[in-house]
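Contents: one structure, followed by commentary.
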Amino acid sequence: MNLGVLVSGRGSNLQAIIDAIEAGKLNDSISMVISDKEGVRAVDRCLKHGIPYRVIKRKDFRSKEEFEKALVEALKEAEVDLVVLAGFMRILSATFLGHFPMKVINIHPSLIPAFQGMHAQRQALDYGVKITGCTVHFVTEELDNGPVIAQACVPVFPEDTEESLSERILHHEHRILPQVIRWISEGRVRVEGRRVVVEGARYGTLPFNPELEDF
Ligand code: GRF
């Protein structure tokens, strides 16, 4: 598949995809990275690895619709098959999603439907849950709430800070995101209403998932 990756900042999930490709664990290539911010680390990673990228900023467009049309155009030009939101801090509307039906996935740092939206790790700490994690899901118009493809769980310890918890979750983000891309690339993922079935995979969860050991 040709992957299009949308980012807004650090780009560590982008890096996890790059690493999986370079290690031969993914047979896909990144044909376009779009950042909505200039000078972010995600862009440095593109430069370092020779990956095509563009910076497309919301403020350069009169409306959200025009901004999203520009994103679509760049992704279509790069013949993108799957769009990966990897720390992209904007909500996409039907203008965008209509061009890529069930072809947009997102990584979110909680076990959705818990703690959607911003600062999911802080929300988990504040709520006092003992287990949290991360989710890769298809993107629909509802924020952080499309059909779940894979989840990984981690413990929350009494001494955790937002930073320590985020780091523990991030480790698993970097494993389940490439894993899901591989499942989709292998044509093993189908959506039945809200449920996602991955052919030949019984587990959608870490750390209890032997199928994820590769990543
Ligand atoms: C990750 O925690 C991701 O789950 C969330 O935003 C963060 C992005 O991190 N959506 P990075 O830019 O991939 O390092």
Side-chain angles (χ1 to χ4, degrees), residues 3-22 26 30 32-49 51 53-58 71 82-92 96-97 104-127 129 131-156 160-181 204-207 212 215:
L3 306 174
V5 186
L6 271 53
V7 294
S8 296
R10 180 178 56 181
S12 70
N13 278 289
L14 167 65
Q15 188 67 51
I17 301 169
I18 295 170
D19 291 346
I21 292 171
E22 291 185 351
L26 284 179
I30 301 175
M32 178 55 62
V33 171
I34 301 176
S35 173
D36 68 336
K37 292 206 178 71
E38 232 156 16
V40 291
R41 273 180 70 193
V43 168
D44 298 338
R45 296 178 199 272
C46 294
L47 290 167
K48 184 168 174 212
H49 293 268
I51 294 167
Y53 75 92
R54 288 181 57 180
V55 177
I56 301 180
K57 290 183 274 184
R58 167 66 183 88
L71 299 180
L82 180 73
V83 180
V84 183
L85 308 185
F88 185 63
M89 300 304 284
R90 289 184 181 277
I91 299 168
L92 295 167
F96 182 94
L97 295 172
V104 185
I105 62 172
N106 180 47
I107 177 87
H108 183 73
S110 77
L111 296 173
I112 67 168
F115 313 129
Q116 296 160 5
M118 298 285 284
H119 309 297
Q121 302 93 334
R122 192 191 306 161
Q123 289 185 57
L125 277 179
D126 290 348
Y127 197 91
V129 291
I131 291 173
T132 184
C134 51
T135 303
V136 180
H137 63 94
F138 283 110
V139 177
T140 60
E141 278 177 74
E142 261 182 284
L143 178 63
D144 297 331
N145 202 25
V148 171
I149 311 168
Q151 291 182 310
C153 54
V154 303
V156 182
D160 265 330
T161 60
E162 194 178 344
E163 289 68 38
S164 65
L165 181 59
S166 299
E167 200 181 310
R168 190 172 310 121
I169 295 171
L170 196 63
H171 172 73
H172 292 287
E173 294 185 32
H174 295 165
R175 300 182 72 197
I176 66 172
L177 186 58
Q179 174 70 77
V180 166
I181 294 170
T205 313
L206 264 177
L212 288 164
F215 289 94

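These numbers were taken from a predicted model, which means no experiment stands behind them. In each ligand, atom 1 is the first atom listed, and ligand 1 is the first ligand listed.
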**Q.** Residue part near ligand 1, for E173, under 4.0 Å between non-hydrogen atoms
**A.** side chain
Q. Rounded to the nearest 0.5 Å, what separation is found between the CD1 atom of I107 and the NE2 atom of H137?
A. 8.5 Å
Q. Can you find an N/O atom of M89 closer than 3.5 Å to an N/O atom of ligand 1?
A. no
Q.
Rounded to the nearest 0.5 Å, what separates atom CZ in R175 from atom SG in C134?
A. 10.0 Å
Q: Could you go through the side-chain contact (heavy atoms from CB on, under 4.5 Å) check for L85 and V104 one step at a time?
A: CA-CA 7 Å; L85 308 185; V104 185; 3.9 Å; yes
Q: Taking only heavy atoms of R10 into account, list the atoms of ligand 1 that are under 4.0 Å away from them.
A: 9 (O), 11 (P), 12 (O), 14 (O)
Q.
Return the CD1 to CD1 distance between I181 and I17, rounded to the nearest 0.5 Å.
A. 4.0 Å
Q.
If I take atom OG from residue S110 and atom CD1 from residue I169, how far apart are they, to the nearest 0.5 angstrom?
A. 8.0 Å
Q: Identify, for atom 11 (P) of ligand 1, the protein heavy atom at the shortest distance, and state residue, atom and that distance.
A: S12 N, 3.4 Å
Q. Looking at atom 12 (O) of ligand 1, what's its closest protein heavy atom, distance included?
A. G11 N, 2.8 Å
Q.
Checking a contact table here: which protein heavy atom is nearest atom 10 (N) of ligand 1, and how many Å away?
A. I107 O, 3.1 Å
Q) Nearest to atom 6 (O) of ligand 1, what protein heavy atom do you find, and at what distance? A) G87 CA, 3.6 Å
Q: Give me the one residue out of R122, Q121, Q123 that meets side chain to side chain donor-acceptor pair (under 3.5 Å) with E162.
A: R122
